[in-house]
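In what follows, residues are counted from 1 in the order of the sequence shown.
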Amino acid sequence: MPKLTIDGQEIEVDASMTVLQACEQAGAEVPRFCYHERLPLSGNCRMCLVEMERAPKPVASCCMPVGDGMVIHTNTDEVKKMREAVMEFLLINHPLDCPICDQGGECDLQDQAVAYGCGESRYTEEKRAVSNNDYGPLIKGTMTRCIHCTRCVRFSSTIAGTSELGGVFRGEHLEIGTYVGNTITSELSGNMIDLCPVGALTSLPYAFKARPWELKKTESIDVLDGLGSAIRVDSRGGEVLRIIPRLNDDVNEEWLGDKSRFACDGLNRQRLDQPYIKKDGKLQAATWDEAFGAIADKVNGLDGSKIAALAGDLVDVEAMTALKDLLASLGSNNMDCRQEGNAVDPNVRASYIFNSTVAGIEDADALLIVGSNPRIENPVLNARIRKRYLEGGFKVGVVGPAADLTYKHDYFGADATTLNDIASGKHEFAKVLKGAEKPMIIVGAGALMRADGAAILAASKAIADNLGMVKDDWNGFNVLQTSASRVGGLDIGFSPKDGGLDTVGILDACGDGKVEVLYLLGADGMEAAKLSDTFIIYQGHHGDSGAHMADVILPGAAYTEKNATYVNMEGRVQRTSLAVFAPGQAKEDWAIIRALSAALGKTLPYDTLPDVRGRMAEINPVFATTDEITPAEWTDFGMAGDLQLKPLSSHIRNYYMTDPISRASETMAACTAELLGQGGETERTGTDG
């Protein structure tokens, strides 16, 4: 390992590091604009110039590899003059927009101009002006402010894999933009806003809404997909104004999907803020006591077999725990958290989690994707797959929908029977998986929603078993869950036991009149025709399709309005934090169920949030700790059977509208209309068979 002397301090660093990284390790602060830890090097801005002894001229520390015996100076008078000169050049054409710029208060250019600038400008000529580009409904481009750091270009081409941005012309005439005037279509485009060190790229939905110092900042977890990305919720008063990512190398690194970032305006629209009861075919406002009374009149004296419950995609574990205990006290085992009819085995944890872990993707050397389009089902996870692909030595095969996944892959069609050929070793890709040291398979949730979902699960397990995907230190079998509540619900046991009905059975029983009361806990997307004359209780935070069918509505809190537990696709227990209070009379979901239990004469034995979490840990020890992953035991699951000739497909049609929050969002509606041309239609295809 090379030894360097930095500002008189001798340190030993890894040979793969740059001088800038070595300076940081030594505690020397080096300013930069173009350099970013997760992007390819460019050396554009020259702000990181340092002195190196025996070098004929200053060196750009971000691009200079370390060498043994280097002597670096970062705080001499010469270095100070260099930084002032570079800053002066950067500001030559930069407009004096700070009072009206949304980047004001969190702008790298502002901060470094104060710290390293000379305090005055000698430039008296006319400034250059650049026309603004239309980047779509999410990004506001004010390109006169651009300092040509090319962070956005490198993100687009390397991380997102879409190559939609680039530089045209040269020298003083250089402009950053889309080559042919198109909008940016990447599902990760909002990350360019975070990367931009000036105000050239800002959030269009957030434009002119607030200054950073006005915002209350709350660290939380995203629940609009199954990844559980670390986020920060910025709010003012009772309104969430924006959501941005936090650093978590094990989950989302520092990226966030556009839906998770921009759908926050849906938190303020179409909200349920008080109880409702259906009278004479119309929903009418009611008090909590009246709503509970209406439920008690219907439920009391009813046999438990005639009561059922379904949990939706955004439900927290505390709420499912309370509802599970309430149903047990009423004598019902008819419950399911797989509202779309997913065929994973609720009794075998390895059958429904991402066993390799998200970070484990970087250790894999071969991948088979089954019935999934990761780019729209989870764009941040797809970026992690692309990251591994760019490192080389990573073969990807796809059996399922044909799609641009942003990385090269071998496409084997959408015929599910191909899985049997791979499992038996007859298929060409079986040799690739067999020869890999750490092969992995990703099974999409859509593949498991079909009538032959259990057979697909069994065939996928056979591939994992036969081709060496499961070893002592490696489990390459993964299910890509797309909803935040799925793993937590299965972990807590919100699934049919002892002859209870699953989702398909519950809906069929509702149609036959065998189930008379159905409790929809945030569950939407049910077909009204299947529910017949069933008495429907809907508990949720948005007036989505479930609320339209309800006989009683109980208003709950959204994920930004409660301290709640979720489990991400890899089995990591995570918790959201209350950022704003729920509107009107809406309450936390577990508290509503606890109050309902008292009205039904079946009072649950917990009154506080710690009590509920104690009950969760009692049911499953995994809830005793947070942010840890417990490897699942590898046992038998799935049910071997014939695979249908029906093509495998992703269950998501519209990435921008997959849940009640994003369906209520005007921003997501604009994305749907402009980027997909669908005019706001929803994505879910329902359950096959």
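- Side-chain atoms of Ile442 and Leu368, non-hydrogen and from C-beta on, never get closer than 4.5 Å to each other.
- Between Leu195 and Trp255, the closest side-chain pair of non-hydrogen atoms falls below 4.5 Å.
- Around atom CD of Glu37, more than 12 heavy atoms belonging to other residues, nucleotides or ligands sit under 6.0 Å away.
- In this structure, Gln339 CD and Asp313 CG are separated by 4.5 Å, a value rounded to the nearest 0.5 Å.
- Among all heavy-atom pairs drawn from Val358 and Asp250, the shortest one is CB-O, 3.9 Å.
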Item to check | From CA spacing to verdict: side chain to side chain contact (heavy atoms under 4.5 Å, CB included), His94, Leu109 | outcome: CA-CA 10 Å; His94 195 78; Leu109 188 62; 3.5 Å; yes
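- Closest of all the heavy-atom pairs between Leu174 and Phe169 is CD1-O, 3.5 Å.
- Judged purely by atom type and a 3.5 angstrom limit, Glu187 has no side-chain atom pairing as donor or acceptor with the backbone of Gly257.
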Checklist entry - Can you list the steps and then say if Arg261 with Asp194 is a salt bridge (charged side-chain N to carboxylate O under 4.0 Å, His left out)? => result CA-CA 11 Å; Arg261 180 190 296 266; Asp194 297 335; 2.7 Å; yes
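- Inspection of the Thr658 and Lys259 side chains reveals an N or O donor paired with an N or O acceptor under 3.5 Å.
- Between Glu239 atom CD and Leu215 atom CG the span is 10.5 Å, to the nearest 0.5 Å.
- For Asp316 and Arg575, the salt-bridge test fails: no basic side-chain N is under 4.0 Å from an acidic carboxylate O.
- Taking 4.5 Å as the limit, some side-chain heavy atom of Pro374 sits within range of a side-chain heavy atom of Leu405.
- For the residue pair Thr202/Asp102, the side-chain donor-acceptor check at 3.5 Å is not satisfied.
- In terms of modelled atom types and a separation under 3.5 Å, the side chain of Thr576 and the main chain of Lys562 share a donor-acceptor contact.
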Next on the checklist: Let's go through Arg486 and Glu340 carefully: what are the C-alpha distance in whole Å and the side-chain angles of both, what is the deciding distance for side chain to side chain contact (heavy atoms under 4.5 Å, CB included) to 0.1 Å, and is it a yes or a no?
Outcome noted: CA-CA 10 Å; Arg486 195 72 68 246; Glu340 75 292 322; 2.5 Å; yes
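- At least one donor-acceptor pair closer than 3.5 Å links the side chain of Ser665 to the backbone N or O of Met668.
- Residues Thr667 and Tyr656 fail the side-chain proximity criterion, which asks for heavy atoms closer than 4.5 Å.
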Checklist entry - Can you list the steps and then say if His548 with Asp524 is a side chain to side chain contact (heavy atoms under 4.5 Å, CB included)? => result CA-CA 10 Å; His548 296 166; Asp524 299 282; over 6 Å; no
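- No donor-acceptor distance shorter than 3.5 angstrom exists from the side chain of Asp273 to the backbone of Pro583, with no hydrogens or angles considered.
- Ion pairing of Arg32 with Glu24 is present here, as a side-chain N (NZ or NE/NH1/NH2) and a carboxylate O approach within less than 4.0 Å.
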Checklist entry - Is there a side chain to side chain donor-acceptor pair (under 3.5 Å) between Tyr538 and Asp544 once you walk through the steps? => result CA-CA 10 Å; Tyr538 180 80; Asp544 211 63; 6.0 Å; no
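- Taking CD of Gln481 as the reference point, atom CD of Glu377 lies at 10.5 Å (rounded to 0.5 Å).
- Looking at Glu561 and Arg271, a side-chain N of the basic residue comes within less than 4.0 Å of a carboxylate O on the acidic one, giving a salt bridge.
- Residues Cys62 and Gln21 are not in side-chain contact: their nearest non-hydrogen atoms beyond the backbone lie 4.5 Å or more apart.
- Taken to the nearest 0.5 Å, the CG atom of Leu381 stands 12.0 Å off from the OG1 atom of Thr482.
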Checklist entry - What do the steps show when you test Glu362 against Arg388 for salt bridge (charged side-chain N to carboxylate O under 4.0 Å, His left out), and what is the final call? => result CA-CA 5 Å; Glu362 298 184 28; Arg388 174 63 188 90; over 6 Å; no
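- Rounded to the nearest 0.5 Å, atoms SG (Cys152) and CG (Leu165) are 5.0 Å apart.
- Residues Val30 and Leu20 form a side-chain contact, since some pair of their non-hydrogen atoms from C-beta on lies under 4.5 Å apart.
- For Glu527, the CD atom sits in a loose shell: 12 or fewer heavy atoms of surrounding residues, nucleotides or ligands are nearer than 6.0 Å.
- Side-chain contact annotation: Arg154 with Thr158, donor-acceptor N/O pair under 3.5 Å absent.
- Between Pro205 and Leu138, the closest heavy-atom pair is CD-O, 3.5 Å.
- Here the side chain of Asp659 pairs a donor or acceptor atom with the backbone of Ser662 at under 3.5 angstrom.
- Across all non-hydrogen atoms, the minimal contact from Glu254 to Arg38 is OE2-NE, 2.8 Å.
- Contact detail for Leu648 and Ala447: the closest heavy-atom pair is CD2-CB, 3.9 Å.
- The shortest side-chain heavy-atom distance between Leu272 and His541 does not fall under the 4.5 Å cut-off.
- No side-chain heavy atom of Cys671 sits less than 4.5 Å from a side-chain heavy atom of Asp258.
- At least one donor-acceptor pair closer than 3.5 Å links the side chain of Ser157 to the backbone N or O of Val153.
- Side-chain atoms of Ser485 come within 3.5 Å of backbone atoms of Gly312 as a donor-acceptor pair (strictly under, hydrogens ignored).
- Here Met449 contributes atom CE and Asn342 contributes atom CG; the two are 6.0 Å apart, rounded to the nearest 0.5 Å.
- For the pair Lys209 and Asp265, the salt-bridge criterion is not met [side-chain N within less than 4.0 Å of a carboxylate O].
- A salt bridge links Glu88 with Arg122: at least one charged nitrogen is closer than 4.0 Å to a carboxylate oxygen.
- Atom OH of Tyr123 has more than 12 neighbouring heavy atoms from other residues, nucleotides or ligands inside a 6.0 Å radius.
- Within the 3.5 Å criterion, the main-chain N or O of Gly393 finds no donor-acceptor partner in the side chain of Tyr389.
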Checklist entry - Which is it for Tyr116 and Glu29 under the side chain to side chain donor-acceptor pair (under 3.5 Å) test, yes or no, and what are the steps along the way? => result CA-CA 11 Å; Tyr116 303 105; Glu29 183 178 346; 3.1 Å; yes
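- Using modelled atom types, one side-chain atom of Asn132 and one backbone atom of Met143 make a donor-acceptor pair closer than 3.5 Å.
- Residues Ile244 and Leu256 share a closest heavy-atom pair of C-CD2, 4.1 Å.
- Side chains of Arg246 and Asn252: a donor-acceptor N/O pair is absent below 3.5 angstrom, by distance only.
- No donor-acceptor pair closer than 3.5 Å links the side chain of Arg663 to the backbone N or O of Ala669.
- Identified under the side-chain hydrogen bond (donor to acceptor under 3.5 Å, both in side chains) test for residues 224-235, with sequence neighbours left out: Arg232-Asp234, Asp234-Arg242.
- Contact check on Glu253 versus Lys387 returns a salt bridge, with a Lys/Arg side-chain nitrogen under 4.0 Å from an Asp/Glu carboxylate oxygen.
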Next on the checklist: For a side chain to side chain contact (heavy atoms under 4.5 Å, CB included) check, start with the C-alpha distance between Val240 and Val580, then their side-chain angles and the critical distance, and finish with the verdict.
Outcome noted: CA-CA 7 Å; Val240 174; Val580 296; 4.0 Å; yes
